[in-house]
J.: 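For reference, the structure I am asking about is given below.
Hydrogens, waters and symmetry mates play no part in the numbers below; they use all other heavy atoms, side chains included.
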Amino acid sequence: MTQTGGSMKRKKIQKKLKFEGKSLEFLHSDADITVLIASRGFGKSIVSSYLTAKKLTMGESGILMAPTYRDCVSILLRNVINILDQQGFVEGKHFVIDKQLLELYLLDEEGQVKSYCVFRSADNPDCARGVSDVNFFIMDEAAVCKKMAFDATVPVLRGGD
């Protein structure tokens, strides 16, 4: 694990996040598999990022996937970092990001890894290779992701209960 040389340039989420309706149901679901179907502009990526940040702060580790690497970094990773920032987490002190911008590690008070999230692109058939002991998997924009990526990633869900 290495830290990025400097803070990743990102646009801050300006509005206070408030969820209702379908997004709130998705966030509170206890089902093994939950699917959120919504139209453009609904905020699916924000909901996915918020749920990821929430799970990380609860000590859970997982995978957050998007159709492309660019989507992973420019949308999902940026959103997760912004949400952690809003909750008072500081990069370098409370969390670190690897140099390839593919993994985010949340740290405990002693600087040890508490939880982590790997950001993967569905356009790579080996996207889940090397990942294990994770207890959540969120696929953003699943309708345009390759099914092979879903099939390759679900078996790594071994962590937790």
J.: Could you tell me which non-hydrogen atom of Ser121 sits nearest to which non-hydrogen atom of Pro67, and how far apart they are?
T.: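 In this case the closest contact between Ser121 and Pro67 is OG-O, 3.4 Å.
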
J.: Could you tell me which non-hydrogen atom of Tyr116 sits nearest to which non-hydrogen atom of Val134, and how far apart they are?
T.: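 Where Tyr116 meets Val134 most closely, the heavy atoms are OH-CG1, 3.6 Å.
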
J.: If the condition is side-chain contact (heavy atoms from CB on, under 4.5 Å), which residues does Thr153 pass it with, not counting sequence neighbours?
T.: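 Testing Thr153 for side-chain contact (heavy atoms from CB on, under 4.5 Å), a comparison that skips the adjacent residues, returns Ile63, Met65, Cys127, Ala128, Phe137, Val156.
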
J.: Donor-acceptor check, side chain of Ser115 to backbone of Leu56, threshold 3.5 angstrom: yes or no?
T.: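 Yes, the answer is positive, given that a donor and an acceptor are paired below the 3.5 Å cut-off.
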
J.: Output, in order, the C-alpha distance, side-chain angles, deciding distance and verdict of side-chain contact (heavy atoms from CB on, under 4.5 Å) for Val96 and Leu106.
T.: CA-CA 7 Å; Val96 293; Leu106 202 64; over 6 Å; no

J.: What closest approach, in Å, do Leu76 and Phe119 show between heavy atoms, and which atom pair accounts for it?
T.: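 For Leu76 and Phe119, the tightest heavy-atom pair comes out as C-CE2, 4.1 Å.
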
J.: Using the test ring-ring contact (aromatic ring centres under 6.0 Å, His included), find all partners of Phe89 that sit at least two apart in sequence or belong to another chain.
T.: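 ring-ring contact (aromatic ring centres under 6.0 Å, His included) list for Phe89, sorted by chain: His94.
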
J.: Among Leu102, Val131, Asp98, whose side-chain contact (heavy atoms from CB on, under 4.5 Å) with Val118 holds?
T.: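 Running side-chain contact (heavy atoms from CB on, under 4.5 Å) over Leu102, Val131, Asp98 with Val118 returns exactly one hit, Val131.
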
J.: Quick one: does Phe95's side chain get under 4.5 Å of Ile81's, heavy atoms only?
T.: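 Phe95 reaches Ile81 side chain to side chain.
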
J.: Quick check for you: to the nearest 0.5 Å, what is the distance between Leu64 atom CG and Thr52 atom OG1?
T.: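 Answer for the CG-OG1 pair, Leu64 versus Thr52, is 4.0 Å.
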
J.: Do Ile138 and Met58 share a hydrophobic cluster, counting only Ile, Leu, Val, Met, Phe, Trp and Tyr and linking them when any side-chain heavy atoms are less than 4.5 Å apart?
T.: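 No.
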
J.: Show, in sequence, the C-alpha distance, side-chain angles and deciding distance for Arg78 and Val73, and conclude whether the side-chain contact (heavy atoms from CB on, under 4.5 Å) test is met.
T.: CA-CA 6 Å; Arg78 183 190 73 207; Val73 175; over 6 Å; no

J.: Which atom pair, heavy atoms only, marks the closest approach of Lys147 to Asp151?
T.: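 What the structure gives for the nearest pair is NZ-OD2, 2.8 Å.
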
J.: Are any of the side-chain nitrogens in Glu60 or Lys114 under 4.0 Å away from the carboxylate oxygens of its partner?
T.: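 Answer for the salt bridge query: no.
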
J.: Tell me every residue that passes side-chain hydrogen bond (donor to acceptor under 3.5 Å, both in side chains) with Asp108, counting only those two or more places apart in sequence or in another chain.
T.: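 Asp108: no side-chain hydrogen bond (donor to acceptor under 3.5 Å, both in side chains) contacts found.
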
J.: Evaluate the side-chain contact (heavy atoms from CB on, under 4.5 Å) criterion for residues Leu107 and Gln112: first the C-alpha distance (whole Å), next the side-chain angles of each, then the deciding distance (0.1 Å), finally the verdict.
T.: CA-CA 5 Å; Leu107 308 174; Gln112 301 299 312; over 6 Å; no

J.: Taking side chain as C-beta onward, heavy atoms only, is Ile83 less than 4.5 Å from Val80?
T.: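 No, their side chains stay 4.5 Å or more apart.
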
J.: Taking all atoms of both residues into account, what is the closest heavy-atom pair of Ser45 and Asn79, and its distance?
T.: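 In this case the closest contact between Ser45 and Asn79 is O-ND2, 4.0 Å.
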
